[in-house]
Amino acid sequence: MLDAWPPLPIEVDLALPEAVDNGIATLGHCDRVRKIEIVVPTSSQLERLALMMQEPFPALTLLQLWTHETVPALPDMFLGGSAPRLQRLTLSGIPFPGLPRFLLSASDLSHLSLAGIPHTGYISPEAMVTGLSALTRLTHLTIQFESPASRPDRRGRHPPPLTRVILPALEELHFRGVSEYLEDLVARIDAPLLHSLHISFFNQVIFDIQQLPYFIGHAGILESSSRAWIYFDDNHVEIELYLPKGTGPPRNSC
């Protein structure tokens, strides 16, 4: 039916199971699809979706996929392995181990949200930072794991590098996981414009965070923060720091 219309941009927004089945067919017009927002209800539908999206989508600027089911990982050739115009990417409950390599081609990305990352989609802190290193326009970053099983292998952990990857535009960072992962992550990055930080450690009341204070101090968020709180529960610990934008200059990250 779309072939009978002029080649207008396509936006795909699907939530109901029957709509997903019918709407996936529109992804065949990959050169015209600009936005994709799909709640994937079943594993088989994600497999079909991934199969339809192994070609490049050169006009795609927004991609959001959610699921509450156990689903297979997206293939390495998802979106043809690159997304040069993508600005917003949300994956919730969707494993994508090949994400770091994919991010190297997504230099326009400003919002990256990885929520409910299942253990099958675990990405090491080192690999994650490698992917983030190309995102000089990234302003919002969310990394939230589904369970504490997703953690660095202590035997394979390396000392922090001498130089850090600078994320020059990052303003907000949200993390949920184990403290070891966050430590390995922030030991490798600097975010001089950071003004909002929300951290949740689950199943940890005792934790060792040596790199986090340096990361916070280097951003200058702590000394100027207008809101800072720590919440302890039986199952998790939450830390939040917030600095309104424009409330004094951050430190230089040198």
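Count residues from 1 along the sequence. Scope of the values below: all heavy atoms of this structure, side chains included, with no hydrogens, waters or symmetry mates.
- Note: the hydrophobic cluster containing Val39 does not contain Leu27 (ILVMFWY, side chain heavy atoms under 4.5 Å, direct or indirect links).
- With Arg48 contributing its side chain and Ser44 its backbone, the two residues share no donor-acceptor pair below 3.5 Å.
- In terms of modelled atom types and a separation under 3.5 Å, the side chain of Thr139 and the main chain of Ser110 share a donor-acceptor contact.
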Candidate pair Leu141 and Leu135, rule side-chain contact (heavy atoms from CB on, under 4.5 Å), full reasoning:
CA-CA 11 Å; Leu141 173 62; Leu135 307 184; over 6 Å; no
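- Contact detail for Pro97 and Pro95: the closest heavy-atom pair is CD-C, 3.8 Å.
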inquiry  = One pair to check against side chain to side chain donor-acceptor pair (under 3.5 Å): His119 and Glu146. What are the steps and the verdict?
reply    = CA-CA 7 Å; His119 191 53; Glu146 185 179 54; over 6 Å; no
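- In this structure, the separation between CZ on Arg88 and NZ on Lys35 is 9.0 Å, given to the nearest 0.5 Å.
- Taking CD of Glu183 as the reference point, atom CZ of Phe215 lies at 11.5 Å (rounded to 0.5 Å).
- Here the side chains of Phe202 and Val178 are in contact, with some heavy-atom distance below 4.5 Å.
- The minimum heavy-atom distance linking Met52 with Gly28 is given by the pair CE-N, 3.6 Å.
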Side chains of residues 59-86: which donor-acceptor partners sit under 3.5 Å, not counting sequence neighbours?
| from | atom 1 | to | atom 2 | distance (Å) |
| --- | --- | --- | --- | --- |
| Thr61 | OG1 | Arg34 | O | 3.3 |
| Thr67 | OG1 | Val40 | O | 2.8 |
| Thr67 | OG1 | Glu69 | N | 3.2 |

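- By the 4.5 Å heavy-atom criterion applied to side chains, Leu132 and Val165 are not counted as neighbours.
- A pairwise comparison of heavy atoms in Arg164 and Val186 identifies NH1-O, 2.6 Å as the closest pair.
- Here OH of Tyr181 is found 13.5 Å from CZ of Arg176. Values are rounded to the nearest 0.5 Å.
- In terms of hydrophobic clustering, with Ile, Leu, Val, Met, Phe, Trp and Tyr side chains grouped at heavy-atom distances under 4.5 Å, Leu104 and Ile143 are assigned to different clusters.
- With contacts defined as side-chain heavy-atom distances shorter than 4.5 Å, the pair Ser150/Ile117 does not qualify.
- Closest non-hydrogen pair, Ala134 versus Leu103, comes out as CB-O, 4.0 Å.
- Atom CG of Leu170 and atom CG of Asp190 lie 11.0 Å apart (nearest 0.5 Å).
- The closest side-chain heavy-atom distance from Phe145 to Ser200 is not below 4.5 Å.
- When every heavy atom of Phe175 is checked against every heavy atom of Gly177, the shortest pair comes out as CE2-N, 3.4 Å.
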Handout entry: Verdict with supporting geometry, Phe96 and Leu114, side-chain contact (heavy atoms from CB on, under 4.5 Å)
Key = CA-CA 10 Å; Phe96 188 14; Leu114 308 171; over 6 Å; no
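- In this structure, Ile94 is not a member of the same hydrophobic cluster as Leu51, with clusters built from ILVMFWY side-chain heavy atoms closer than 4.5 Å.
- Contact annotation: the side chain of Ile38 never approaches that of Gln45 to less than 4.5 Å [non-hydrogen atoms, C-beta and beyond].
- The two residues Pro168 and Ile166 have their closest heavy-atom pair at CD-O, 3.1 Å.
- Counting only distance, with no hydrogens or angles, the side chain of Gln87 and the backbone of His111 share no donor-acceptor pair below 3.5 Å.
- For Thr130 (side chain) and Glu126 (main-chain N/O), a donor-acceptor pair under 3.5 Å exists by modelled atom type.
- Note that the CG atom of Leu49 and the CD1 atom of Ile24 stand 5.0 Å from one another [nearest 0.5 Å].
- Rounded to the nearest 0.5 angstrom, Leu173 CG and His195 NE2 are separated by 11.5 Å.
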Could you please spell out the steps behind the side-chain contact (heavy atoms from CB on, under 4.5 Å) verdict for Phe201 and Ile209?
CA-CA 11 Å; Phe201 297 136; Ile209 47 173; 4.1 Å; yes
